[in-house]
Engineer: 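To start, I am sharing the structure in question, which I have written as structure tokens.
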2 protein chains.
Amino acid sequence: MARAPVTSEPDHSAAGKLPAEGTQARRFGKTRSAQSTALLEDYAELIADLLASEGEARPTDIARRLGVSHATAIKSISRLKRAGLATARPYRGVFLTEKGHALAERVRVRHRLVVDLLRALGVPSEAAEADAEGIEHYVSEITLKAFAQFLKSR
Amino acid sequence: MARAPVTSEPDHSAAGKLPAEGTQARRFGKTRSAQSTALLEDYAELIADLLASEGEARPTDIARRLGVSHATAIKSISRLKRAGLATARPYRGVFLTEKGHALAERVRVRHRLVVDLLRALGVPSEAAEADAEGIEHYVSEITLKAFAQFLKSR
DNA sequence: GTCAAAATGTAGTACAGGCTACAAATTACA
DNA sequence: TGTAATTTGTAGCCTGTACTACATTTTGAC
Ligand SMILES: [Mn+2]
Ligand SMILES: [Mn+2]
Ligand SMILES: [Mn+2]
Ligand SMILES: [Mn+2]
């Protein structure tokens, strides 16, 4: 059983490396929850982009741009609907609700800020765009502020 | 049908906003593949940390630090074994293979670099640690180099 | 040495997000 | 107008990651 002492956990062998259990668990939990919204964010952003530049966002186009099958896209769009982020009219495309639009806007801002920061640090644009597609979903408000601050004052 | 013209896709209505379909699909695909390895990376890193600081990495401890049930941790450890990254001896803990150790080392370096960069940009340490836990899995080699370069020359 | 606590393992469930294959509806065009 | 291509929808399958509940094994303490 537990190597845990009766009273408290004083200190470990090696130099203070590991964070407290609760702290670490909270961090990982935050990451897991961000991961579960990442897909919704990408769909919302893409749909908004398509609506803006093409006037419509059809499941087939969404699927092609994401690099997944149309069946997969349709299922994910269903999840967006369930989450109250989108609506759809067959052969007429997908639309964003108020909530979906607000999400897309936040995501767009984040995406751009992350790309701009990476570019400012000397990352080539294609790598910056590719990395940002993942990074953007894990950047907190505080970090976002720091990015903006850095970009402004340099 | 396809609004796609017979020949080529010249230019869209709005200002050149969207990337080419293939490019965008490749970026999203890269992100999806990074996502699928994120969990393996976190486990490898955590196991290495526990082995270094506690001398052992038991499923229960791993589960507690990750904030998941022990059943979940055991299943994920199975995936690590299947991937040739870890081995385990019941009641004796989990161990990393050569390959697993190498992965943990790479992840540890990345984790630290990401945290250091965020800190350098003025992000408070707890936010930096929390965000890094997600970001680290989506940073390419090129971007990592840029981070290191920036940290060195500032 | 016994026995309770802790750790581990297993089973069953749920949901997300992939896929292929097939069916139905719509649209475009000859 | 009729037909073929496109788009959309559905079904069934798989894997991954989470959970709870229960069973088994090991360990630690008395
Ligand atoms: Mn993204
Ligand atoms: Mn994005
Ligand atoms: Mn991580
Ligand atoms: Mn990490």
Side-chain angles (χ1 to χ4, degrees), chain A residues 1-6 9 21 25 28-44 46-47 50 54 56-83 85-95 134 137, chain B residues 1-6 21 25 28-43 46-47 50 54 56-83 85-95 134 137:
Chain A
M1 117 5 160
R3 280 78 168 166
V6 187
E9 190 88 17
E21 281 174 3
F28 281 122
K30 214 179 268 189
T31 301
R32 276 194 301 276
S33 121
Q35 197 163 295
S36 86
T37 45
L39 181 131
L40 295 179
E41 293 182 343
D42 280 337
Y43 270 79
L46 176 56
I47 290 167
L50 285 170
E54 314 282 343
E56 60 179 3
R58 298 176 311 159
T60 301
D61 296 330
I62 294 170
R64 214 179 6 237
R65 291 206 113 90
L66 287 170
V68 298
S69 74
H70 83 273
T72 295
I74 285 175
K75 264 197 223 166
S76 295
I77 291 166
S78 287
R79 197 183 144 203
L80 259 78
K81 292 190 217 162
R82 253 182 295 143
L85 296 166
T87 58
R89 278 162 33 226
Y91 297 91
R92 210 116 261 116
V94 181
F95 304 90
H137 309 286
Chain B
M1 129 359 137
R3 282 79 167 164
V6 189
E21 280 174 3
F28 281 121
K30 215 179 266 189
T31 301
R32 276 194 301 276
S33 121
Q35 198 164 292
S36 86
T37 45
L39 181 132
L40 295 180
E41 293 181 344
D42 280 338
Y43 271 77
L46 176 56
I47 291 167
L50 285 171
E54 314 282 342
E56 61 179 1
R58 298 177 310 158
T60 300
D61 297 329
I62 294 170
R64 213 177 10 236
R65 291 205 112 91
L66 287 170
V68 297
S69 74
H70 81 274
T72 295
I74 286 176
K75 268 199 218 162
S76 294
I77 291 166
S78 288
R79 197 183 145 206
L80 259 78
K81 293 190 219 163
R82 253 183 294 139
L85 295 167
T87 58
R89 276 159 37 224
Y91 297 90
R92 210 114 260 119
V94 181
F95 305 90
H137 309 285

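Sequence lines set the chain letters: A, B, ... in the order given, protein chains first and strands last, and positions in each chain run from 1.
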Engineer: Measure from CD on B:E56 to P on C:dA6 and round the result to the nearest Å.
Structural biologist: 16 Å

Engineer: Nearest 0.5 Å, what's the CG-CD distance between B:L39 and A:Q35?
Structural biologist: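 Here the rounded value is 8.0 Å.
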
Engineer: Heavy atoms under 4.0 Å, any strand shown: does B:R64 hit a base, just sugar-phosphate, or nothing?
Structural biologist: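 B:R64: no heavy atom of the nucleic acid under 4.0 Å.
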
Engineer: Which residue lies toward the 5' end of DNA chain C, A:S36 or A:H70, if each is placed at its nearest nucleotide?
Structural biologist: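 Going by which nucleotide is closer to the 5' end, it is A:S36.
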
Engineer: In the structure I gave you, are the side-chain heavy atoms of B:L66 and B:Y43 within less than 4.5 Å of one another anywhere?
Structural biologist: yes

Engineer: Taking atom P of D:dA5 as reference, at what distance in whole Å does atom CZ of A:R58 sit?
Structural biologist: 17 Å

Engineer: Round to a whole Å and report the spacing from CG of A:D61 to C1' of C:dT27.
Structural biologist: 15 Å

Engineer: Would you kindly give the CZ-to-P distance between B:R32 and C:dG17, to the nearest whole Å?
Structural biologist: 11 Å

Engineer: Without decimals, in angstroms, what is the distance between B:R89 CZ and C:dT8 P?
Structural biologist: 13 Å

Engineer: Could you tell me whether the side chain of B:Y91 has a donor or acceptor atom within less than 3.5 Å of a complementary atom in the base of D:dT27?
Structural biologist: no

Engineer: Quickly work out the A:L50 CG to D:dT7 P distance and round it to whole Å.
Structural biologist: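 That distance rounds to 14 Å.
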
Engineer: Considering all heavy atoms of both residues, which atom of B:V68 and which atom of B:A73 are nearest to each other, and what is their separation?
Structural biologist: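 Scanning both residues, the minimum pair turns out to be CG2-N, 4.2 Å.
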
Engineer: Using a 4.0 Å heavy-atom cut-off across all strands, classify A:R92 as base, sugar-phosphate, or nothing.
Structural biologist: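 The residue A:R92 makes sugar-phosphate contact but no base contact.
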
Engineer: Is the closest side-chain heavy-atom distance between A:D61 and A:R64 below 4.5 Å?
Structural biologist: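 Yes - at least one pair of side-chain heavy atoms lies under 4.5 Å apart.
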
Engineer: Under 4.0 Å, heavy atoms only, any strand: does A:S69 hit a base, just the sugar-phosphate, or nothing?
Structural biologist: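 Base contact.
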
Engineer: On the side chain of B:K75, is there an atom forming a donor-acceptor pair with the base of D:dG16 - under 3.5 Å, no angle test?
Structural biologist: no

Engineer: Under 4.0 Å between a side-chain N or O of A:T60 and OP1 or OP2 of D:dT8?
Structural biologist: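 Indeed, a polar side-chain atom of A:T60 lies that close.
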
Engineer: Which whole-number value in Å describes the distance from B:I77 CD1 to C:dA7 P?
Structural biologist: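 That distance rounds to 14 Å.
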
Engineer: Taking the minimum atom-to-atom distance to the side chain of A:L39, which one of C:dG18, D:dT17, C:dA16 wins?
Structural biologist: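 Closest nucleotide among those given: C:dG18.
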
Engineer: Does any part of the side chain of A:L80, heavy atoms only, come nearer than 4.5 Å to the side chain of A:I47, both counted from C-beta?
Structural biologist: yes

Engineer: Which nucleotide in the set D:dG16, C:dC19, D:dG9 lies at the smallest distance from any side-chain heavy atom of A:I74?
Structural biologist: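 Out of D:dG16, C:dC19, D:dG9, the nucleotide with an atom closest to A:I74's side chain is D:dG9.
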
Engineer: Whole-Å distance between C:dA16 P and A:L66 CG?
Structural biologist: 18 Å

Engineer: So what does A:R82 touch, heavy atoms closer than 4.0 Å: a base, only the sugar-phosphate, or nothing?
Structural biologist: sugar-phosphate

Engineer: Quick check for you: among C:dT8, C:dT10, D:dT10, whose closest atom lies nearest to any side-chain atom of A:A71?
Structural biologist: D:dT10

Engineer: Report the nucleotide, chosen from D:dT8, C:dA16, C:dG9, that has the shortest atom-to-atom distance to any side-chain atom of A:R79.
Structural biologist: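 Nucleotide nearest to A:R79's side chain: C:dA16.
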
